[in-house]
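To find a chain, count down the sequence lines: A is the first, B the second, and so on, and within it residues start at 1.
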Protein chains: 2
Amino acid sequence: MLRLSKLTDYAVLVLARMGEPGPQPALQTAPGLAGRTGLPEPTVAKVLKILAQSGLVEGLRGAKGGYRLVKPLPDIRLSEVVVAFDGPIALTACVEGGDGSCSAEAGCPVRGRWDPVNAAIRNALAGITIADLAGPEATPRPFIPDPELSLAAE
Amino acid sequence: MLRLSKLTDYAVLVLARMGEPGPQPALQTAPGLAGRTGLPEPTVAKVLKILAQSGLVEGLRGAKGGYRLVKPLPDIRLSEVVVAFDGPIALTACVEGGDGSCSAEAGCPVRGRWDPVNAAIRNALAGITIADLAGPEATPRPFIPDPELSLAAE
DNA sequence: GGAAACCGGACGGAGGAGGTCCTATTTCGG
DNA sequence: CCGAAATAGGACCTCCTCCGTCCGGTTTCC
């Protein structure tokens, strides 16, 4: 139903918790965040692993290790999180170079016309930061979408 | 991967074919459209049934029956098609009134903050018509998204 | 050297989407 | 009056993807 995956949802929650000030403002462990978010610990660990692979958080190994935000919440765009978990934002499979999987590729009237739609979605998600979703204590920055991106003429 | 369902994709194709002028500009049968789009006939029939239920096309029964567009392609918003097949546009399950399904509902830092995101997606999809996806022969109308909807302040 | 924590991958179950088919109903044409 | 053509509305089954979990390996601090 045009849903993003549950992992993405969890990731926003985890990032929001990591961003709020506390006793350990910088370094947080997976078990600790699991307890604080109310999510099961293996799931939180998986989320953090993916976030680390994407470069949105930094993982420090060893005892007294943990995860640390690489940049503050207002600088993390929602689109970055979505891409990390759901892959490139593309509403249809008919995007990346025609690999012949589409049977009616030749003479398809909508060939290549989904790109402006994808760009519009991407733009919408890029205009919202995790700070916007985390709460009012974070400092949101206003965002004006570029009209050219909403319906890009070729 | 933030994909919309295949049926939605097919629906756009079918609508695009229905909109282009031809020998029978108004009335088209499911088998005929199947042959013209290259899609399997039962699938096209299913798509048309759903489109008819949503009021986007009108079905005429009996021999010499078929389907007819209710309004021209430039008046059909992509969001209408998406809603018809994928249901209400909501990126997360945490939207409609808290039914207790969310375990960490109380004290959830992102509670209710997804609504602006959903509105932004909805706005992006509403700003594109099937005519925009069908080809240049249809008359596109320029669209300027409302910045207020992209990141609605409460 | 042991404990704590991250890293990477693998595995199985559950849920939803996709595709097909069947029957009933309506309408046109002979 | 009857048969053909086409829509209407389901039911059904299969397959694929996501989700949650777990395991072994590695790194670092006490």
Pairing residues for B/P42 by the side chain to side chain contact (heavy atoms under 4.5 Å, CB included) criterion, not counting sequence neighbours: B/P40

Phosphate-side-chain proximity, A/Y10 and D/dG20, N/O vs OP1/OP2 below 4.0 Å: yes

Each nucleotide N or O in nucleotides 13-18 of chain D that has a protein N or O under 3.5 Å away: list the pair and distance.
none

Separation of D/dT7 C1' from B/M18 CE (nearest whole Å): 13 Å

Listed partners of B/S5 passing side-chain hydrogen bond (donor to acceptor under 3.5 Å, both in side chains), at least two apart: B/T8, B/D86

Student check: side-chain heavy atoms of B/I128 and B/R77 closer than 4.5 Å: no

Pairwise side-chain contact, B/D132 with B/L78, heavy-atom cut-off 4.5 Å (strictly under): no

Residues in side chain to side chain contact (heavy atoms under 4.5 Å, CB included) contact with B/A52, at least two apart in sequence or another chain: B/V57, B/Y67

C/dG18 phosphate, OP1 or OP2, under 4.0 Å from B/T43 side-chain N/O: no

Most 5' of A/P42 and B/K46 on DNA chain D, judged by nearest nucleotide: B/K46

Full working for side-chain contact (heavy atoms from CB on, under 4.5 Å) between B/L51 and B/V47: CA-CA 6 Å; B/L51 285 174; B/V47 166; 3.9 Å; yes

Separation of C/dA17 P from A/L2 CG (nearest whole Å): 12 Å

Check: B/T129 and B/D75 side chains under 4.5 Å, non-hydrogen atoms: no

Between the protein and nucleotides 2-9 of chain C, which nitrogen or oxygen pairs are less than 3.5 angstrom apart?
from: C/dA4; atom 1: N3; to: A/A63; atom 2: N; distance (Å): 3.3
from: C/dC6; atom 1: OP1; to: A/A30; atom 2: N; distance (Å): 3.0
from: C/dC7; atom 1: OP2; to: A/Y67; atom 2: OH; distance (Å): 2.8
from: C/dG8; atom 1: N7; to: A/K49; atom 2: NZ; distance (Å): 3.3
from: C/dG8; atom 1: O6; to: A/K49; atom 2: NZ; distance (Å): 2.9

Separation of atom CG in B/L4 from atom C1' in C/dG16, rounded to whole Å: 16 Å

Qualifying salt bridge (charged side-chain N to carboxylate O under 4.0 Å, His left out) pairs with a residue from residues 50-71 of chain B, counting only residues at least two apart or across chains: B/E58-B/R68, B/K71-B/E80

